[in-house]
Amino acid sequence: MLIADRIIRMKTVLARTGLSRSTIYRKIAEGTFPPRIKISVNGAGWRESDINRWVANPVAWRPKSEFDFDD
């Protein structure tokens, strides 16, 4: 069963992770935090599932590859 993945904005990501805005952008650049996805001309957000995976295990987080399967 597929469940639609919500797109969440920066304010929600800040609250869920406890990170600062600058730390989030630094971690994105380092590849240790989920990248933002473009949702409109001036808007971007994150897939809620990506943020949930990061919160569950920030040290082991890595981008999902095409070979990863959901449990």
Review point. Should Arg53 and Glu48 count as an ion pair when the cut-off is N to O under 4.0 Å?
Key: no
Euclidean distance, [Y] [atom2] relative to [X] [atom1], rounded to 0.5 Å:
{"X": "Arg16", "Y": "Lys11", "atom1": "CZ", "atom2": "NZ", "result": "13.5 Å"}
{"X": "Lys27", "Y": "Ser20", "atom1": "NZ", "atom2": "OG", "result": "10.0 Å"}
{"X": "Arg6", "Y": "Thr12", "atom1": "CZ", "atom2": "OG1", "result": "7.0 Å"}

Point to revise | Exam field: side chain Trp54 to backbone Val59, donor-acceptor pair closer than 3.5 Å | key: no
**Study point:** Leu19 backbone acceptor or donor facing Thr23 side chain under 3.5 Å
**Key:** no
Check your understanding: Is it the case that one hydrophobic cluster holds both Met10 and Ile7, taking links as side-chain heavy atoms less than 4.5 Å apart, direct or via other members?
Key -> no
Point to revise | Exceeds 12 heavy-atom contacts within 6.0 angstrom, atom CZ of Arg47 | key: no
Enumerate, atom names and distances included, each donor-acceptor pair closer than 3.5 Å involving a side-chain atom of residues 33-46, sequence neighbours excluded.
residue	atom	partner	partner atom	Å
Lys38	NZ	Val41	O	2.7
Ser40	OG	Gly43	N	3.0
Trp46	NE1	Pro34	O	2.8

